[in-house]
Amino acid sequence: MPRTTCPFEVSSRYQILSILAKNRKVFLREHYDSPKSKDGDSYCNEIMQKRGLSGPKCKMMNTFIHDTKKKIIDVCGNQGVPFRGRLRRSKAQFQVTTCKTTGFLDKPPCYYREDASSRYIVIVCKNGLPVHYEEGKNYRFISF
């Protein structure tokens, strides 16, 4: 006898896929910039504003990855290793820029300083796609 799909099951699958798609879009908006859109002192101030990360509250810190979407997604697969529970750490270093506020106020106008370097990226993956970048840690020197 063929299996029928109930409307609730279809609705639930659609909701899960919608949430995953939204999380991936947010991840890309907040952490993907390849090639790096601009060099110089104003990079962080401009990209944080363009991406909506400096209002209505200043995001205190944010990192942008300057590599292909494929290479970032591959960290969720064979180019990443499990790391501290639900996280994945890249096997190779990526070019990244971390933007940090220059002051302690979280109200605009927001001003940022830039720290560009190569480092391992640490992300959360769901269904093989990156959905969260783990901020606040320097994984530049951790290797396996």
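With rounding to the nearest 0.5 Å, the separation of SG in Cys58 from CD in Gln49 is 10.5 Å. For the atom pair Lys50 NZ and Asp33 CG, the distance stands at 8.5 Å (nearest 0.5 Å). Between Phe94 atom CZ and Ser34 atom OG the span is 10.0 Å, to the nearest 0.5 Å. Annotation: the span from Ile65 atom CD1 to Leu28 atom CG amounts to 9.0 Å, rounded to 0.5 Å.
By the 4.0 Å N-to-carboxylate-O rule, Arg84 lies too far from Glu134 to be salt-bridged with it. The pair Asp115-Arg119 counts as a salt bridge, with a side-chain nitrogen and a carboxylate oxygen less than 4.0 angstrom apart.
Applying the salt bridge (Lys or Arg N to Asp or Glu O under 4.0 Å) rule to pairs touching residues 101-114 yields Lys36-Glu114, Lys57-Asp106, sequence neighbours excluded. Residue pairs meeting the disulfide bond (SG atoms under 2.5 Å apart) criterion with at least one partner in residues 23-54, sequence neighbours excluded, are Cys44-Cys99.
Counting non-hydrogen atoms of neighbouring residues, nucleotides and ligands closer than 6.0 angstrom, the CZ atom of Arg29 exceeds 12 such neighbours.
Put simply, the side chain of His66 never gets that close to the backbone of Val96: no donor and acceptor are under 3.5 Å apart. Using modelled atom types, one side-chain atom of Ser90 and one backbone atom of Ile121 make a donor-acceptor pair closer than 3.5 Å. Asn62 places a side-chain N or O within donor-acceptor distance of the main-chain N or O of Glu30, the cut-off being under 3.5 Å. Side chain of Thr63 to main chain of Thr98: no donor-acceptor pair is present (N/O by atom type, distance under 3.5 Å, no hydrogens or angles). Under a 3.5 Å cut-off, the side chain of His132 and the backbone N or O of Ile123 do not form any donor-acceptor pair.
The two residues Pro108 and Ser54 make their nearest non-hydrogen contact at CG-O, 3.4 Å. In terms of heavy atoms, Val131 sits closest to Phe27 at C-CD1, 3.8 Å. Between Asn45 and Tyr112 the shortest heavy-atom distance is OD1-N, 2.6 Å. The nearest pair of heavy atoms linking Ser37 to Tyr43 is OG-CE1, 3.5 Å. The minimum heavy-atom distance between Lys91 and Tyr120, with the atom names listed, is O-CE2, 3.4 Å.
Paired with Thr101 under the rule side-chain contact (heavy atoms from CB on, under 4.5 Å), one option of Met48, Met60, Lys59 passes, and it is Met60.
For the pair His31 and Phe64, the minimum side-chain heavy-atom distance is 4.5 Å or more.
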Contacts under 3.5 angstrom, residues 68-81 side chains, donor-acceptor by atom type, not counting sequence neighbours:
from: Thr68; atom 1: OG1; to: Lys71; atom 2: N; distance (Å): 3.1
from: Lys70; atom 1: NZ; to: Asp74; atom 2: OD2; distance (Å): 2.9

